[in-house]
Amino acid sequence: MGNEEDRLVTAIVIGCGNRGENYSNFGRDFPKRLKIVAVVEPLKHRRDRIGDWHKVPPQNRFSHWEELKGSKKLADVAIICTQDKDHMAPAVQMAGQGYHLLLEKPMAVTEKDCQKITEACQRNGVMLAVCHVLRYYPPCAKIKEILDSGEIGEVMSINHVENIGYWHFAHSFVRGNWRNEGESTFSLLAKCCHDVDLIYYWMGGKEVVNISSFGSLQHFKKEKKPLLATDRCLTCPLSKSCPYSAERIYLKEPVIKQWPNSVVCDIEDDPRVYPKVLRKTLETSPYGRCVYDCDNDVCDTQMVNFMFENGAVANLTMTAFSAEITRHTRITGSLGELVWDGSSQGIKVYSFKTNEWKSISADAVVPNNVLTRGHGGADFFLVDSFIKAVARKDPSLIKSGGEESLKTHMLVFKAEESRKQNLINHLVNKPTPAHP
Ligand SMILES: NC(=O)c1ccc[n+]([C@@H]2O[C@H](COP(=O)([O-])OP(=O)(O)OC[C@H]3O[C@@H](n4cnc5c(N)ncnc54)[C@H](O)[C@@H]3O)[C@@H](O)[C@H]2O)c1
């Protein structure tokens with residue numbers, strides 16, 4: 001992992017929710033490489049949970065990033081894990097104060113704000129790593145290696161599917177944080193900025209010249225509500241048979257404080273109390289609402305088509321309606337074909353020369369017992385690379401830097417523009433500079 005010469009990197013965590021907790025765990029896993037020295041979070045119990053784990057002194061526990069404005073620099077890096085709409089302001093502020101940034105995706109929810117972040121980092125000479133975890137996910141990195149080696153020749157087409165999973169979609173995009181575009185952002189940006197980024201990454205920097213997209217909210221709306229359904233799942237006569245019932249998603253045995261339950265109810269974990277409090281919470285919480293009666297408006301089904309400068313094509317399907325929560329990919333080339341089922345062992349390559357399939361596994365593995373292991377280990381490799389980059393002053397160790405991430409975010413905005421304005425032949429232009 002880290003070299004002997006890797007110095008200790010200090011960090012401030014802004015947003016101590018699910019992701020902030022996950023990344024800061026690297027400091028518990030490798031205390032000689034990362035030390036959390038300050039926390040920023042309006043919810044006291046979250047602020048104190050991370051603050052206590054890392055022995056953050058009381059004077060370094062803040063409620064809002066604005067409290068840090070003009071203060072002396074407390075750490076080398078800022079880990080920004082606030083919600084999507086609250087990325088730009090802390091990112092620009094912290095870059096201005098000289099912090100290197102580990103910034104959750106999406107960078108921001110408008111093109112202009114994404115540009116402002118990249119420019120602030122460039123202006124202040126700080127490193128930026130956007131949390132495009134898939135670039136660090138061992139099978140995705142292995143696929144990149146295979147493509148770059150020329151094993152399947154020149155890439156001709158990519159078919160990539162993001163299977164969000166029917167109950168996961170209901171949790172996050174119908175009832176939860178990413179359900180409403182006005183409150184957070186559109187689902188292609190929230191969920192598939194990763195996939196657009198990955199397609200671009202796999203294509204080895206070939207520029208996209210044309211993009212188009214179709215999609216809509218097909219299912220989770222009032223007109224699809226069954227006749228007998230009521231507004232809340234716990235009192236609904238259909239709760240046993242409805243696949244999206246909160247009862248089936250959150251209260252199946254054993255009821256434990258694990259994602260997604262921990263998002264609904266994040267009280268301290270006590271097996272004697274947790275199931276009862278969770279049930280009570282669902283009586284009134286947004287997570288107990290009928291999926292056909294929420295204030296959601298984001299697409300549950302969307303496709304994007306890409307045309308690259310060399311004539312290669314790609315498409316991306318985002319669907320809520322899948323059993324699995326995995327990505328599937330098929331890539332064709334002039335000398336062979338590659339398929340991937342989303343798992344670490346699941347890459348298969350066919351050679352047109354030998355007429356044989358071979359299976360390839362991703363070799364990188366996360367060390368045993370580390371706490372930072374989400375997204376199949378990708379979270380670990382992301383933080384590991386970023387912390388190394390800062391310790392060694394070597395931005396080349398970051399696979400998801402500002403400029404490329406900005407480029408791939410722009411593709412997502414273009415795709416959404418195409419969907420909304422019915423532009424089926426949407427030329428992609430270079431991003432225009434941000435206005436001050
Ligand atoms: N990289 C990935 O694959 C991935 C996966 C899931 C989520 N995300 C992204 O990570 C981000 C965080 O998601 P999450 O699930 O951790 O959300 P969360 O709601 O659990 O955490 C966000 C936290 O920010 C806090 N906050 C609000 N205002 C603040 C302020 N002024 N200063 C400091 N903190 C403030 C909230 O109280 C909350 O605790 C989102 O942008 C999300 O889209 C990325």
Side-chain angles (χ1 to χ4, degrees), residues 12-25 38-51 60-69 78-91 93-94 101-109 113-114 117 129-137 140 162 164 168-169 171-173 175-181 183-198 257 259-266 286-287 298 325 327 372-383 385-386 399-400 405 408-409 412:
I12 177 162
V13 181
I14 302 182
C16 299
N18 191 24
R19 304 299 293 165
E21 178 176 326
N22 178 51
Y23 294 134
S24 63
N25 274 336
V39 285
V40 188
E41 165 63 55
L43 300 176
K44 187 175 182 317
H45 69 286
R46 291 187 177 180
R47 187 167 68 233
D48 285 343
R49 182 163 57 210
I50 298 192
N60 282 359
R61 299 184 186 197
F62 306 92
S63 306
H64 199 290
W65 67 80
E66 282 185 355
E67 291 170 48
L68 295 162
K69 225 181 230 169
I79 300 177
I80 300 179
C81 296
T82 41
Q83 277 297 346
D84 303 353
K85 280 196 152 180
D86 295 326
H87 287 178
M88 190 279 286
Q93 178 185 307
M94 299 308 279
L101 304 184
L102 181 67
L103 172 65
E104 256 309 353
K105 52 52 56 180
M107 297 173 74
V109 297
D113 283 357
C114 293
I117 294 172
V130 176
C131 297
H132 277 310
V133 291
L134 289 180
R135 287 195 181 212
Y136 302 83
Y137 183 36
C140 295
E162 161 57 325
I164 301 177
H168 175 204
F169 192 90
H171 167 75
S172 292
F173 299 93
R175 298 180 170 118
N177 288 333
W178 297 277
R179 70 188 182 283
N180 184 288
E181 182 169 348
E183 286 192 21
S184 60
T185 187
F186 52 101
S187 48
L188 191 74
L189 184 65
K191 195 73 189 90
C192 289
C193 66
H194 282 313
D195 303 277
V196 171
D197 181 71
L198 194 58
K257 190 191 168 188
W259 183 88
N261 289 3
S262 55
V263 177
V264 181
C265 172
D266 79 339
Y287 292 95
V298 299
I325 305 182
R327 292 169 163 100
T372 324
R373 42 185 335 118
H375 293 109
D379 293 356
F380 165 80
F381 289 109
L382 162 70
V383 188
S385 302
F386 175 67
K399 290 185 183 184
S400 49
S405 298
T408 63
H409 275 65
V412 180

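Just so you know, ligand 1 is whichever comes first in the structure, and atom 1 is the first atom listed for that ligand.
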Participant: Please report which non-hydrogen protein atom sits nearest to atom 24 (O) of ligand 1, along with the residue it belongs to and the distance in Å to one decimal place.
Facilitator: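 For atom 24 (O) of ligand 1, the nearest protein heavy atom is G15 CA, 3.6 Å.
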Participant: Which of the numbered atoms in ligand 1 are below 4.0 angstrom from a heavy atom of G17?
Facilitator: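 The atoms of ligand 1 under 4.0 Å from a heavy atom of G17 are 16 (O), 20 (O), 21 (O), 23 (C), 39 (O).
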Participant: Using 30° and 60° as the class boundaries, would you call the ring planes of W178 and F173 parallel, tilted or perpendicular?
Facilitator: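 Tilted: the ring planes of W178 and F173 meet at 30° to 60°.
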Participant: Scan I80, L103, L102 and name whichever one has a side chain to side chain contact (heavy atoms under 4.5 Å, CB included) with C131.
Facilitator: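 Considering I80, L103, L102, a side chain to side chain contact (heavy atoms under 4.5 Å, CB included) with C131 is found only for L102.
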Participant: Has the side chain of T82 got a donor or acceptor atom that lies under 3.5 Å from a matching backbone atom of D86?
Facilitator: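 Yes; judged by distance alone, with no hydrogens or angles, the pair exists.
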Participant: Could you list the atoms of ligand 1 found under 4.0 angstrom from a heavy atom of R46?
Facilitator: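 In order of numbering, the contacting atoms are 20 (O), 38 (C), 39 (O).
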Participant: Would you call F62 a ligand 1 contact, heavy-atom distance under 4.0 Å?
Facilitator: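 For ligand 1, residue contact (heavy atoms, under 4.0 Å) with F62 is absent.
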Participant: Got a donor-acceptor contact below 3.5 angstrom from the S184 side chain to the E181 backbone?
Facilitator: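 Not at all, since once roles are kept as given, no pair shorter than 3.5 Å links the two residues.
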Participant: Using ring-ring contact (aromatic ring centres under 6.0 Å, His included) as the criterion, list what pairs up with Y23, not counting sequence neighbours.
Facilitator: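 ring-ring contact (aromatic ring centres under 6.0 Å, His included) check on Y23 returns nothing, list empty.
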Participant: List every atom of ligand 1 that sits less than 4.0 Å from any heavy atom of W178, numbering the atoms from 1 in the order shown and giving each element.
Facilitator: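 Counting atoms of ligand 1 from 1, those under 4.0 Å from W178 are 15 (O), 42 (C), 43 (O).
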Participant: Look only at the side chain of E41 and the backbone of L43, and say whether a donor-acceptor pair between them is shorter than 3.5 Å.
Facilitator: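 Yes; at least one donor-acceptor contact below 3.5 Å.
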Participant: For atom 41 (O) of ligand 1, tell me which residue out of D84, V133, I80 has the closest non-hydrogen atom.
Facilitator: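 Among D84, V133, I80, the closest heavy atom to atom 41 (O) of ligand 1 belongs to D84.
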Participant: Which protein non-hydrogen atom lies closest to atom 9 (C) of ligand 1, naming both residue and atom, and how far is it?
Facilitator: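 Result for atom 9 (C) of ligand 1: K105 O, 3.4 Å.
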Participant: Could you say whether the N/O atoms of H194 and ligand 1 ever approach to under 3.5 Å?
Facilitator: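 Yes; the residue has a nitrogen or oxygen that sits under 3.5 Å from a nitrogen or oxygen of the ligand.
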Participant: In chain order, what residues pass the ring-ring contact (aromatic ring centres under 6.0 Å, His included) check against H194, with sequence neighbours excluded?
Facilitator: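 H194 satisfies ring-ring contact (aromatic ring centres under 6.0 Å, His included) with H132 once adjacent residues are dropped.
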Participant: In the protein, what heavy atom is nearest to atom 26 (N) of ligand 1, and what distance, to one decimal place, separates them?
Facilitator: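 Minimum-distance protein heavy atom for atom 26 (N) of ligand 1 reads P42 CD, 3.5 Å.
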Participant: Which residue holds the protein heavy atom closest to atom 37 (O) of ligand 1, what is that atom called, and what is the gap in Å?
Facilitator: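 Going atom by atom, the protein heavy atom closest to atom 37 (O) of ligand 1 ends up being E41 OE2, 2.6 Å.
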Participant: Atoms of ligand 1 less than 4.0 Å from V40 heavy atoms?
Facilitator: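 Answer, ordered by atom number: 32 (N), 33 (C), 34 (N).
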Participant: Can you figure out which of E104, Q83, R47, H375 has its heavy atom closest to atom 19 (O) of ligand 1?
Facilitator: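 It is Q83 whose heavy atom sits nearest to atom 19 (O) of ligand 1.
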Participant: Counting only heavy atoms closer than 4.0 Å, does ligand 1 sit against the backbone of R19, its side chain, both, or neither?
Facilitator: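 R19 to ligand 1: contacts from backbone and side chain alike.
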Participant: Check if C81 has a non-hydrogen atom at a distance under 4.0 Å from any atom of ligand 1.
Facilitator: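 In this structure, C81 qualifies as a contact of ligand 1 - some heavy atom is under 4.0 Å.
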Participant: Donor-acceptor pair, distance only, cut-off 3.5 Å: does the side chain of S172 make one with the backbone of F169?
Facilitator: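 It does not hold such a pair.
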Participant: Are any of the side-chain nitrogens in K105 or D197 under 4.0 Å away from the carboxylate oxygens of its partner?
Facilitator: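 Salt bridge flag = no for D197 with K105.
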Participant: At less than 4.0 angstrom from any non-hydrogen atom of W65, what atoms of ligand 1 do you find?
Facilitator: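 Checking each atom against W65, I get 30 (C), 31 (N), 32 (N).
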Participant: Among protein heavy atoms, which sits nearest to atom 11 (C) of ligand 1, and what does the distance come to when rounded to 0.1 Å?
Facilitator: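 I find the closest protein heavy atom is T82 O, 3.3 Å.
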Participant: What do you reckon, does H87 put a non-hydrogen atom under 4.0 Å from ligand 1?
Facilitator: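 Right, H87 reaches ligand 1.
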Participant: Name the residue from V39, N60, I79, L68 that meets the side chain to side chain contact (heavy atoms under 4.5 Å, CB included) definition with I12.
Facilitator: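 Considering V39, N60, I79, L68, a side chain to side chain contact (heavy atoms under 4.5 Å, CB included) with I12 is found only for L68.
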Participant: Tell me yes or no: between the side chains of D113 and H87, is some donor less than 3.5 Å from an acceptor?
Facilitator: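 No - no donor-acceptor pair under 3.5 Å links their side chains.
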Participant: Considering only the protein, which heavy-atom contact is closest to atom 20 (O) of ligand 1, and what is its distance?
Facilitator: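 Nearest neighbour among protein heavy atoms for atom 20 (O) of ligand 1, to 0.1 Å: N18 N, 3.0 Å.
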